[in-house]
There are 2 protein chains.
Amino acid sequence: MPVTLRDVAQAAGVSRSAVSRCFTPGASISDKTRAKVEQAASDLGYSPNALASSLTTGRTKLVGVVSNNFHNPIFLEFFDRVTRELQGRGLRPLLVNLSDETDPTQSIRMLQQYSVDAVIVASSTLPVSFATSYVEAGMRVVHSFGRLTDSPKLHVLGIDNVEAGRVAARELLRRGYRRVGFLAGPLSATSTRDRHTGFAEELGRHRDVSLSVSYAQAYSFDAGRAEMTRLLSMGPAEAYFCGDDVLSIGALSAIRDAGLSVPDDVGILGLNNMEMAGWELINLTTIHNPVDEIVRGSVDLVDRMLSGAETAPQSIAFDCKVVERGTLRPAP
Amino acid sequence: MPVTLRDVAQAAGVSRSAVSRCFTPGASISDKTRAKVEQAASDLGYSPNALASSLTTGRTKLVGVVSNNFHNPIFLEFFDRVTRELQGRGLRPLLVNLSDETDPTQSIRMLQQYSVDAVIVASSTLPVSFATSYVEAGMRVVHSFGRLTDSPKLHVLGIDNVEAGRVAARELLRRGYRRVGFLAGPLSATSTRDRHTGFAEELGRHRDVSLSVSYAQAYSFDAGRAEMTRLLSMGPAEAYFCGDDVLSIGALSAIRDAGLSVPDDVGILGLNNMEMAGWELINLTTIHNPVDEIVRGSVDLVDRMLSGAETAPQSIAFDCKVVERGTLRPAP
DNA sequence: AGAAATTGCTACAACGATTTAGATTTGCCG
DNA sequence: CGGCAAATCTAAATCGTTGTAGCAATTTCT
């Protein structure tokens, strides 16, 4: 039913290779035959079969976009940006949701079956082993929002979570908080541990500052709410650095619900700066996660890998800055 | 570099067809050769090339997921559900972001090039012509969140927007509101017009009720905020039916900002019931859009179309119910 | 003008699978 | 054990494209 290159060749009265060359940029073809071919092609409504061509070229222009964060609004921003960037370069996102997947083998097989040219793993909670096993399976991989290391096995782009912890600590100190807490996400994520490291390190320089740490069950509103409710019942700190904006909003809810006010009674500092953090009803002071730049960097890297440049794996750190809104008291 | 069916055949000492049959369910093969083949396959780490097989079978198991709603949080719920459902049936989502696309031709070509087995168009703002031109290009299409009609050219699943308008009207009337407004999304969307139709129709049965209508520039927080600010300056209605939750939250913001209170001074009724509508800081009374069921229905339909059952195009309506929270006053 | 280099074309063999047709083997029965 | 049908195999054609030879026509050089 669909019209093939063969049909076009026949209609234009040329060989199949001539038609093929007509559609491959930079190939040698005369204006005369090009005209004939293009005429025939548009008459028949021909468009080349990308899958068939991938058989011989070995390139599919398919890029696996793998994530387990389908509940965090900031990932909608990610999906928006990453699809646009890929499309802009003629690449196609093959979306993989591994929310209930604990083992990479399945997704590896699937991505190999579709011979994706590269994979973008987008997650801050996935164990490092996930992305590395993609690499070991022979794929080109970029890990966005991953953990930065000195000797990376693959390309990693994201904020430095240790640094983010330090930034958070400095911000709270600057505003005169002395009894502070870290309301973290699940301990299983390396990002959680890294942030804790930086946060504790920076606070540790001050003798008069106390730190309490607790872990929410998940990066979710409910988990943040539950954990903050528990904290309030035990006598809360003056301010909390939360592992995530959604978690923060859960915490805010619990605080208001307890009849306390933010930032007068308790301060909250989020992380990510998702769009909604700026909505007045929420108005969350938070650390900005530069999704746009990370996406652009990631897709750039993919593009470069596909053009043959085999660069050594590197970690690329992005700056994270505090966005001031209404959930921390002003500096004294 | 990658291991092919040929390699496996050689290693197992059988013909290529034997290996192929071993991987096609329901094919005739003896236990003995099956064992040999499976041994060889797992030794070599073979996984069949889905693209190559699609060449002869004509099926790719690729499903285009096309949307222009990458800014509305409810679509993150959609992406989560739809990817899971597709994956659960061995189908692969090829994501297409047509946020800045006004013309279907490009995406049609692209989807044809990758010979997707079917397309799910997910949007309530895309003109009907978009989905129908996919159909005309010969693709199997399901339109989720589309406009229901009596004689559809394609499968459409979603709430009946006219009915949603009626439901909204009845809810406001029940609570004793008499001067009401429709704070709609852009007029270009058919969903906007349908909701208006139902809303006005139901209100029209009551002589003592007045209706004002205005249109936000987009389905966004800022647009909702701006429009409500304008409305407040001209003397607002008692309650508004908003075209969308995000729009509603923008409106809420403007109202609070003006020193008025919800629901005492102004009532707000949203539409969609996205997850955040339930967060206490927002606590929005809204009409539930059953995303889960719509997705399940859509993927079911895709699945059925792919199993050969050529059913006539049909519109499937889903119920929409009001979820009561805190932005409408209680019935008198 | 004749040799050499360049262009532009066609024919044909891949790419990695499936599928058809035909050849073998196996199982069953008297 | 012979005969017949069913089960299972192999070889070859095919899917729609690209890439490599090789040939013909044209251009360039001396």
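As a basis for the values below, the full set of heavy atoms in this structure was taken, side chains included, without hydrogen atoms, waters or symmetry mates. Convention: sequence-line order gives letters A, B, ...; per-chain numbering from 1.
What separates CG of Leu55(A) from P of dG19(D) is a distance of 12 Å, to the nearest Å. Distance NZ (Lys36(A)) to C1' (dT10(C)): 13 Å, rounded to an integer number of Å. In this structure, Arg59(B) atom CZ and dA17(C) atom C1' are separated by 16 Å, rounded to whole Å. To the nearest angstrom, C1' of dT10(D) lies 13 Å from CD1 of Ile29(B). Rounding to whole angstrom units, CG of residue Leu5(B) and P of dT19(C) are separated by 13 Å. Gln113(B) places its CD atom 13 Å from the C1' atom of dG16(D), with the value rounded to the nearest Å. Put simply, CZ on Arg6(B) is 9 Å from P on dA14(C), counting in whole angstrom units. Rounded to whole Å, atom P of dA11(C) lies 9 Å from atom CZ of Arg16(A).
Checking side-chain atoms of Asn49(A) against main-chain N and O of Ala52(A) turns up a donor-acceptor pair under 3.5 Å.
Scanning atom types as modelled, no donor and acceptor separated by under 3.5 angstrom connect the side chain of Ser30(B) and the base of dA7(D). Under 3.5 Å, the side chain of Ser54(B) and the base of dA17(C) form no donor-acceptor pair of N or O atoms.
Within the nucleic acid shown, Ser15(A) comes within 4.0 Å of at least one base atom, counting heavy atoms only. Thr4(A) comes within 4.0 angstrom of sugar-phosphate atoms only, judged by non-hydrogen atoms across all strands, and of no base. Residue contacts for Val19(B): at a heavy-atom cut-off of 4.0 Å it reaches no nucleic acid atom on any strand shown. Residue Phe23(A) is out of contact with every strand shown, counting any heavy-atom pair closer than 4.0 Å.
Under the 3.5 Å distance criterion, with hydrogens and angles disregarded, a donor-acceptor pair is assigned to the side chains of Ser123(A) and Asn68(A). Asp80(B) and Asn97(A) are linked by a side-chain donor-acceptor pair at a separation below 3.5 angstrom, with hydrogens and angles left out of the test.
Considering only heavy atoms from C-beta on, Asp7(B) stays 4.5 Å or farther from Tyr46(B) through its side chain.
Residue Ala52(A) places its side chain closer to dG16(D) than to any other of dT18(C), dA17(C), dG16(D).
Comparing Thr56(B) and Ser17(B) by the nucleotide of DNA chain D that holds the closest heavy atom to each, the one mapping nearer the 5' end is Ser17(B).
Of the side-chain N and O atoms in Ser20(A), one or more sit less than 4.0 angstrom from OP1 or OP2 of dT18(D). In terms of phosphate contacts, Tyr114(A) brings no side-chain nitrogen or oxygen within less than 4.0 Å of OP1 or OP2 of dG16(C).
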Ser115(B) vs Thr60(B), side-chain hydrogen bond (donor to acceptor under 3.5 Å, both in side chains): CA-CA, chis, key distance, verdict: CA-CA 7 Å; Ser115(B) 17; Thr60(B) 56; 5.5 Å; no
